[in-house]
2 protein chains.
Amino acid sequence: MVKNTRIKDIAIRAGVSIGTVDRVLHDRGEVSLATREKIQQIIDELDYRPNLLASSLASKKNIVFATFMPKAANQDNYWSKPQHGVEKAKNQLREYGVRIKQFYFEMEDSSSFSAEAEKILLSEPDAVMLAPCAKREAIRFTQKLDERKIPYIFIDSILPNTHPIGFVAQSSYDSGFLAAKLIDWGLGEEGVILLIHIARELDNANHLLLREKGFLQYFEKKSSNRHRLLKMEVSGNGEEEIVRHLADLGINPCEVNAVFVTNSKVNQAAICFKNLCVTPKIIGYDLIPINIALLKEGKIDFLICQKPEMQAFQAINLLFDHLVKKDKIKKENFTSIDLITRENINFYNSY
Amino acid sequence: MVKNTRIKDIAIRAGVSIGTVDRVLHDRGEVSLATREKIQQIIDELDYRPNLLASSLASKKNIVFATFMPKAANQDNYWSKPQHGVEKAKNQLREYGVRIKQFYFEMEDSSSFSAEAEKILLSEPDAVMLAPCAKREAIRFTQKLDERKIPYIFIDSILPNTHPIGFVAQSSYDSGFLAAKLIDWGLGEEGVILLIHIARELDNANHLLLREKGFLQYFEKKSSNRHRLLKMEVSGNGEEEIVRHLADLGINPCEVNAVFVTNSKVNQAAICFKNLCVTPKIIGYDLIPINIALLKEGKIDFLICQKPEMQAFQAINLLFDHLVKKDKIKKENFTSIDLITRENINFYNSY
DNA sequence: CTGAAAGCGCTTACAG
DNA sequence: CTGAAAGCGCTTACAG
């Protein structure tokens, strides 16, 4: 057995009891300056690392995290994925005395955000993990967390002018940029490219705008660009909406060579073109079941993924490292920008 | 505090001491059939899960894993990556009483494989993780492990007719298939495609042949294929070798539209074409520094990656789950087939 | 075949 | 300000 230094070893070297060592270790006062310095020196010298196992075994303390994200209507919904990540972290950190309370808000109803946020504050958690989807409400909530000095971490996306201990999210700009590159690579010299936003409140959904920005900038940066770029916004009520907007643009569907949809609703565009018997190259986001089916069918070419299960799992673990292990954690945790096709989807792992 | 069932709870319910409960828990005999059955029933009923923390804290037992893979000449070498994965697992499992001894063989010299393998057997490890690169020697080694009933797990690739408890590796066939799809998507209607093997002993490197197979079958399955496929094998001594082989095939370098190299030596092909001032689309494998540089420079278009650090890390953890936690582990652990471009490389994580 | 006791490294009152 | 002791859930000899 390779022996690690124990509290006891430090105590012996310092000629004190382990209780005193523990006091300087956890900085809970009641130690004379002289002995404190002496002990600290030995700690540094021996490079002492506490045994986390023994520590959480002995401690009866519980720590409570609250998680906050949109409610997933069913298993097929995107938001059921981060939920799984939370469950996994929950099971794993259970034996370390971590409890997790999950809270949800309705995507469509921002008042439910504020109501649930109030419940979270009442429950007095030690830390919060949240997906700041409703921008305005989320900012108000983080201000209250700041006041109460409750640390929080973001998943999925980021909010400006807030003070989280960190975030786990994908760079929206760069994912859009990559989508553009793929389309450029697949299209050859020239073609008609259609960017579609399928969203209710585009102005309150910052990451979709960033994806668009990255997408457009790719082509702007390209020296010689002979593609024709079109853009449309639809609310997501039926596929004929897309056809109508195309008509407004004076475009026949069969003229479209490539389509980029800025979120997981790419299936609506894919089905639209499928019904029209037109086959542009189509790129969108996220591995929800309907998208997977269309990918395998060849109606979607690429899905850009961001391991939402892992984001939540990692965020919880970062909170744990920060609060329990007292590690200094990395603040910016960018998720990889994964490219999924029908050829590699069967090997894609959530974690 | 949510209370988990403890040995003590079972003991009380059964009206015995915790020592006896421990005996049936670890199946170490010396218990009458009657009490054993009674206790077992209570265990099942309460769905008892041992507290791993307390268990490894109390146990002074050490468990030793041996790892075996090609020696990495330097940090830039592919094999330094799995090595990092091993280090990480080592640090993490240390407090659970796991020790790891690392052994290496020379890629070029198969006799070093056998010599080191002998050392591993002498050290009598509890389990072995190995990269079975030298096919013939590796098979002989696994036979000896089988005889001694030492469990082993593969990383990187798989060997037929062996009995590992599992493997963590990428499907070579499917990665080749995906490479073909990318080239097909990027090339449009027609083009000259060159497949290059850069390897010393191609017949002893099964996975390269599988990558080729997947690549070729993609085009065979395609209904209408107007691409022209060429193939060459070079030993990897200088780039002019590729030019010479092209001449032998009667091809002018500038006629080549796309290149697929079946391993991490893709940088040699990329540099070759760069020097010729020709810019075919190039796809290869693995994020070693020189490949990364060429990718960023635009001289390589895609790198297919397989998280080698993670493979080793995961394999060690599977051994731990199998031997220490006594979990039934998943045997086939296929790594994802990751697509890296200059646009997403900065966000790619090793784990 | 079974139980009682010591100990793993740490935390937590409590006594002085 | 400091120390001694009990306890977290489990393992490991040892006594009977």
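- Between Gln306(A) and Gln311(A), the side chains place a donor N or O and an acceptor N or O closer than 3.5 Å (distance only, hydrogens not considered).
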Pair assignment for DNA chain D - dot-bracket with | for other-strand partners, Watson-Crick or G-U under 3.5 Å: |||.||||||||.|||

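- For Lys38(A) and dC1(D), the NZ to C1' distance is 15 Å, given to the nearest whole Å.
- We find that Glu95(A) and Arg49(B) are not joined by a salt bridge, their nearest charged nitrogen and carboxylate oxygen being 4.0 Å or further apart.
- Applying the salt bridge (Lys or Arg N to Asp or Glu O under 4.0 Å) criterion to Asp44(B), with sequence neighbours excluded, gives no partner residue.
- At the phosphate of dC10(D), neither OP1 nor OP2 sits under 4.0 Å from any side-chain N or O atom of Tyr96(B).
- When heavy atoms are screened at a 4.0 angstrom cut-off, Asp22(A) is found touching base atoms of the nucleic acid.
- In the set dC10(C), dG9(D), dT12(C), dC10(C) carries the atom at the smallest distance from any side-chain atom of Asn51(A).
- If you take NZ of Lys8(A) and P of dT11(C), they are 16 Å apart, rounded to a whole angstrom.
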Could you tabulate the donor-acceptor pairs under 3.5 Å formed by side-chain atoms of residues 315-332 of chain B, not counting sequence neighbours?
{"unit_1": "Asn317(B)", "atom_1": "ND2", "unit_2": "Phe313(B)", "atom_2": "O", "d": "2.9"}
{"unit_1": "Lys326(B)", "atom_1": "NZ", "unit_2": "Leu323(B)", "atom_2": "O", "d": "3.3"}

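- A cation-pi arrangement, defined by a distance under 6.0 Å to the six-membered ring centre and an angle within 45 degrees of its axis, is present between Lys88(A) and Tyr351(A).
- Rounded to an integer number of Å, the gap from Leu53(B) CG to dC10(C) P is 13 Å.
- Regarding Lys325(B), its NZ atom lies at a distance of 17 Å from the C1' atom of dC10(D), rounded to whole Å.
- Dashed line: the shortest gap from a side-chain N or O of Tyr48(A) to OP1 or OP2 of dG9(C) is not under 4.0 Å.
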Got a list of protein N/O to nucleotides 3-5 of chain D N/O distances below 3.5 Å?
{"unit_1": "dG3(D)", "atom_1": "OP2", "unit_2": "Ser17(A)", "atom_2": "N", "d": "3.0"}
{"unit_1": "dG3(D)", "atom_1": "OP2", "unit_2": "Ser17(A)", "atom_2": "OG", "d": "3.3"}
{"unit_1": "dG3(D)", "atom_1": "OP2", "unit_2": "Thr20(A)", "atom_2": "OG1", "d": "2.7"}
{"unit_1": "dG3(D)", "atom_1": "O6", "unit_2": "Arg23(A)", "atom_2": "NH2", "d": "2.4"}

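- Classification of Arg36(A) and Asp27(A) as a salt-bridged pair holds, one side-chain N sitting under 4.0 Å from a carboxylate O.
- At whole-Å resolution of the value, CZ in Arg6(A) and P in dT11(C) are 14 Å apart.
- Taking atom NZ of Lys61(B) as the reference point, atom P of dC8(C) lies 17 Å away to the nearest angstrom.
- Of the candidates dT11(C), dC10(D), dG9(C), dC10(D) carries the atom nearest the Ala58(B) side chain, counting heavy atoms from C-beta on.
- Glu116(B) places no side-chain N or O within 3.5 Å of a backbone atom of Phe68(B) that could act as its donor or acceptor partner.
- Ala312(A) meets the side chain to side chain contact (heavy atoms under 4.5 Å, CB included) test with Pro82(A), Val86(A), Met129(A), Ile155(A); sequence neighbours excluded.
- Checked against dT11(C), dG9(C), dC10(D), the side chain of Ser59(A) finds its nearest nucleotide in dT11(C).
- Look at CG on Leu57(A): it is 13 Å from C1' on dG7(C), rounded to the nearest Å.
- The interatomic distance linking Ile7(B) (CD1) with dC8(C) (C1') rounds to 14 Å, in whole Å.
- The environment of CD in Gln41(B) is sparse: at most 12 heavy-atom neighbours from other residues, nucleotides or ligands sit within 6.0 Å.
- The phosphate of dT2(D) (OP1 or OP2) has a side-chain N or O of Thr35(A) nearer than 4.0 angstrom.
- Under the rule for a side chain to side chain contact (heavy atoms under 4.5 Å, CB included), the partners of Leu121(A) that lie at least two apart in sequence or sit in another chain are Glu118(A), Phe141(A), Lys144(A), Leu145(A), Arg148(A).
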